[in-house]
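Index from 1, following the sequence.
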Amino acid sequence: MRAVRADGAPIYRWEPSPGVPPVRVVPHDPDCDSQHLPPDNRHAHDFWILAYVERGGGTVDLDGEQVALRDGEVHAVAPGEVVAAESIAELTHARAWSVAFTPDAIPSLASISPLTWAHHPLLALFAAGGRRAVVPEAERPRWQAWLAELTEELGDPGRLGARDAITATLTNLLVASARLAPSAPIAPDPLVTRVFDEIERTYATKVSAGDLARSLGYTPGHLTTVIRQRTGRTLLEWLTERRLTEARRLLRETDLPLSVISARTGLTDPGYLVRRFKARYGTTPDRWRREA
């Protein structure tokens, strides 16, 4: 658990596993043991979830809306959205798959600012009204095959080609879900847009989360709480994420030493860069650079 919202709902964090892409598949099946059922409480995540309902049954509360789970539906749960099961017992009649991930699992998303993820075409369903769609019946066997393949590759992520296969299969799922998304997206949150624009403008300097809040006319505590509720991450976490994305780009594309990279990304010094990088990705910058 990362934090608790003001309404008491816990926000679960992504725990990185060194050397493993930030992707997990959780099956929900009456034949599985209870550890595969969702938490029996109102909760949110700081990561992204794409859920495919193979066989419907039961209802869930998605950010205040009661949603019945029906055959062939795909649901996109964005970071910060509150999820609650009306009854875990009801859900045992359903068969579904939840794919949890962070967008930097996809190379095309890992190389861009995380502040633009919400508006990227691959994540179109997450920005669509209702955040759900129905997979045509003829395409459902392909979805089931993708999910089975993703589960198999994640079961042995160290074998030859597993990382590429995981990335490719997740991309297929996101492309297929994006093509089902309604053409009219939800209007961007004005406050989140202002915050992200300010982060993009200043992240390379030694600006702090408090500085960002004050420059926008808010107290740090209030703005951090609001951003965490709306996005699943705090103001400081988004600022750090933007800096680490740029650090990864410089590690991959240049031979600059860590001292220069830390200075260019506002991360104070090489030691702080190493600590933040390892906490986020489960490995050191030097090792990541060699593998990349």
Side-chain angles (χ1 to χ4, degrees), residues 2 13-23 46-48 79 101-123 157-158 161-168 170-171 174 192-213 215-216 224 227 231-292:
R2 180 184 293 277
R13 67 177 298 167
W14 184 272
E15 291 293 345
S17 299
V20 180
V23 185
D46 74 347
F47 45 89
W48 308 61
F101 66 98
T102 60
D104 53 359
I106 306 296
S108 61
L109 293 172
S111 61
I112 64 174
S113 168
L115 309 181
T116 65
W117 284 344
H119 308 296
H120 193 280
L122 276 180
L123 300 171
R163 291 178 62 90
D164 292 333
I166 291 167
T167 296
L170 177 60
T171 302
L174 292 177
V192 173
T193 298
R194 284 183 64 207
V195 169
F196 282 5
D197 286 347
E198 187 67 9
I199 290 175
E200 189 66 31
R201 188 180 70 83
T202 62
Y203 77 88
T205 69
K206 292 185 178 181
V207 66
S208 69
D211 296 332
L212 285 170
S215 70
L216 292 169
T224 286
I227 293 300
T231 70
R233 298 188 184 189
T234 67
L235 185 59
L236 177 59
E237 287 164 349
W238 279 116
L239 176 59
T240 302
E241 185 76 16
R242 180 63 185 98
R243 286 168 166 165
L244 291 176
T245 300
E246 180 65 8
R248 286 205 323 270
R249 186 188 71 79
L250 293 172
L251 286 167
R252 182 177 60 249
E253 298 178 5
T254 75
D255 295 323
L256 293 172
L258 293 186
S259 58
V260 175
I261 292 176
S262 63
R264 290 192 180 185
T265 55
L267 286 165
T268 310
D269 59 67
Y272 184 66
L273 167 59
V274 171
R275 290 194 299 274
R276 299 309 306 168
F277 199 96
K278 192 170 184 179
R280 174 65 177 83
Y281 304 114
T283 189
T284 65
D286 285 337
R287 182 176 178 182
W288 189 92
R289 171 178 258 167
R290 290 194 300 271
E291 292 177 347

Residue pair [X] / [Y], side-chain heavy-atom distance below 4.5 Å:
X	Y	answer
Ile227	Val192	yes
Thr265	Leu250	yes
Trp117	Ile112	yes
Ser108	Leu122	yes
His120	Pro103	no
Leu251	Phe277	yes
Ser113	Thr245	no
Pro157	Arg163	no

Where the side chain of Arg248 meets the backbone of Ala110, is there a donor-acceptor pair that is under 3.5 Å apart? yes
So, Glu200 side chain and Asp197 main chain: donor-acceptor pair closer than 3.5 Å or not? no
[X] and [Y]: which non-hydrogen atoms are nearest, and at how many Å?
X	Y	result
Ser208	Leu239	C-CD2, 4.1 Å
Arg243	Thr205	NH2-O, 2.7 Å
Val23	Ala105	CG2-CB, 3.6 Å
Trp14	Phe101	CZ3-N, 3.8 Å
Asp211	Lys206	OD2-O, 4.4 Å
Lys278	Thr284	CD-CG2, 4.4 Å

Between atom [atom1] of [X] and atom [atom2] of [Y], what is the distance when rounded to the nearest 0.5 Å?
X	Y	atom1	atom2	answer
Ile106	Thr171	CD1	OG1	3.0 Å
Leu267	Leu244	CG	CG	6.0 Å
Arg233	Phe47	CZ	CZ	10.5 Å
Leu236	Leu212	CG	CG	9.5 Å

Checking side-chain polar atoms at under 3.5 Å, does Asp164 have a donor or acceptor matched by the opposite partner on Thr167? no
Could you check whether Thr102 and Asp104, counting side-chain N and O atoms only, form a donor-acceptor pair closer than 3.5 Å? yes
Could you please spell out the steps behind the ring-ring contact (aromatic ring centres under 6.0 Å, His included) verdict for Phe196 and Trp238? CA-CA 8 Å; Phe196 282 5; Trp238 279 116; 5.0 Å; yes
List the steps and the verdict of side-chain contact (heavy atoms from CB on, under 4.5 Å) for Leu115 and Glu241. CA-CA 9 Å; Leu115 309 181; Glu241 185 76 16; over 6 Å; no
Is the shortest distance from a Lys or Arg side-chain nitrogen in Glu291 or Arg289 to a carboxylate oxygen in the other one below 4.0 Å? no
Quick one: side chain to side chain donor-acceptor pair (under 3.5 Å) pairs with a partner in residues 249-259, sequence neighbours left out? Glu246-Arg249, Arg249-Glu253
